[in-house]
Amino acid sequence: MTIDTAPAVLTRVFFARQAPQVARDLVGMILYRRDADVAARIVEVEAYTHDDPASHAYAGPTARNAPMWGPAGHAYVYRSYGMHWCFNVSTGTDGVGQGCLIRAAQPLRGHAWMRARRPVERDVDLLRGPARLCQAFGIVGSMSGSDLCSDGVLHFRDDGVRPDVVEGPRVGVTRAADWPRRYYVAGSRWVSPYRRSPRAPSP
DNA sequence: CTACCGATGCGCT
DNA sequence: GCGCATCGGTAGC
């Protein structure tokens, strides 16, 4: 069985649900870059809705967050701290600002391709963190708005793997720091280390 | 392992 | 101008 043929490609119906539910279900799915035959098992996802003070959609639609407000299953890529890229998939219905941040994954195929873009000693450092994942997968700002449910470069696949998923507070956010909107594989070494924002109010 | 710090560009008030 | 949905290096335990 190859990753490219057997597993089902996730359709728009999968993403047209509430972000927290999509985030939970995305854990265990495969992120696939078709033009490079690069694949990874998603192990950590965070959900962001428009009523969430930590969300880029909180202040309403803007040029930057437009993909979050459009139809589900599109990429929202933003620049973080002036130097990194982070990758979301839009969820919910058209006109509602939602998305899921892909935070970490386990490399499955294309290790050499990823290492060419992100030279690290250990596999565990390739995709552990949202900006690291984008660097290794070659995800950049020009891909923001692209359709992830068509024949484009990026899409998601389901090969039936269903890990045990747990939820907890998100990493690095200053507002709504205790909302349980982070979904990940319990005990997995591929998950990024939890780090509360030093600017977040005490719990 | 945890804690801290600086880099760095821009979206938004 | 302010404030980051981060990361890599260094210091210390």
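Residue numbering restarts at 1 for every chain, and letters A, B, ... go by the order of the sequence lines. Quick caveat: nothing in here was measured; it's all calculated off a predicted structure.
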### Query
Quick one: does NZ or CZ of A:R117 land under 6.0 Å from the six-membered ring centre of A:W113, within 45 degrees of the ring axis?
yes
### Query
Do any side-chain nitrogens or oxygens of A:R118 fall under 4.0 Å of OP1 or OP2 in C:dG8?
yes
### Minimum heavy-atom distance A:C149-A:L10, with the two atoms named
SG-O, 4.0 Å
#### Entry: Length of the CG-C1' vector between A:L101 and C:dA5, whole Å
6 Å
#### Entry: With A:R41 via salt bridge (charged side-chain N to carboxylate O under 4.0 Å, His left out) - residues at least two apart
A:D159
### Query
Of the candidate nucleotides C:dC7, C:dC4, C:dA5, which contains the atom at the shortest distance from the side chain of A:R199?
C:dC4
### Note, A:R182 side chain near A:V191 side chain (heavy atom, < 4.5 Å)
yes
### Message
Just N and O in the side chain of A:R103: are any of them under 4.0 Å from OP1 or OP2 of C:dT6?
### Response
yes
### Message
Quick check on C:dC7: is either OP1 or OP2 less than 4.0 Å from any side-chain nitrogen or oxygen of A:H84?
### Response
no
### Message
Ring centres under 6.0 Å, that's the criterion: do A:F14 and A:F156 meet it?
### Response
no
### Interatomic distance, A:W85 CH2 vs C:dT6 P [rounded to whole Å]
15 Å
### Query
Could you state the CG-P distance from A:L126 to C:dG8, rounded to the nearest angstrom?
11 Å
### Message
In whole Å, I'd like the distance from the CD atom of A:Q135 to the P atom of C:dG8.
### Response
7 Å
### Query
Once you round it to whole Å, what is the distance between C1' of B:dT8 and OH of A:Y78?
15 Å
### Within 45° cone and under 6.0 Å: A:R79 NZ/CZ vs A:Y81 ring
no
### Task
Name the closest nucleotide to the A:Y81 side chain, picking from B:dT13, C:dA5, C:dT6.
C:dT6
### Message
Using ring centroids (six-membered ring only for Trp), state whether A:Y48 and A:H56 fall under 6.0 Å.
### Response
no
### Query
Is A:R170 touching bases, backbone alone, or none of the nucleic acid, heavy atoms closer than 4.0 Å?
nothing
### Task
May I ask you to verify if any side-chain N or O of A:R195 is less than 4.0 angstrom from the OP1 or OP2 atom of B:dT2?
no
### Query
Once you round it to whole Å, what is the distance between P of B:dT13 and CZ of A:R64?
10 Å
### Summary
Looking only at B:dC12, C:dC4, C:dT6, the nucleotide nearest the A:T174 side chain is C:dC4
#### Entry: A:R79 CZ to C:dA5 P, straight-line distance once rounded to whole Å
15 Å
### Task
Return the nearest nucleotide to the side chain of A:M83; candidates are C:dG3, C:dA5, B:dA7.
B:dA7
### Message
Can you tell me which nucleotide in C:dT6, C:dA5, B:dT13 comes closest to the side chain of A:A131?
### Response
C:dT6
### Query
A:Y32 ring centre to A:R157 NZ or CZ under 6.0 Å, with the angle to the axis within 45°?
yes
### Query
Can you find a side chain N or O atom of A:T62 that sits less than 4.0 Å from OP1 or OP2 on B:dC12?
yes
#### Entry: Distance, rounded to the nearest Å, where A:E44 contributes CD and C:dA5 contributes C1'
11 Å
### Message
Counting the atoms with a prime plus P, OP1 and OP2 as sugar-phosphate, which does A:A54 contact under 4.0 Å by heavy atoms, base, sugar-phosphate, or nothing?
### Response
base
## Note on the structure
A correct dot-bracket answer for DNA chain B, with pairs being Watson-Crick or G-U at under 3.5 Å, [ ] for crossing pairs and | for inter-strand pairs, is |||||||.||||.
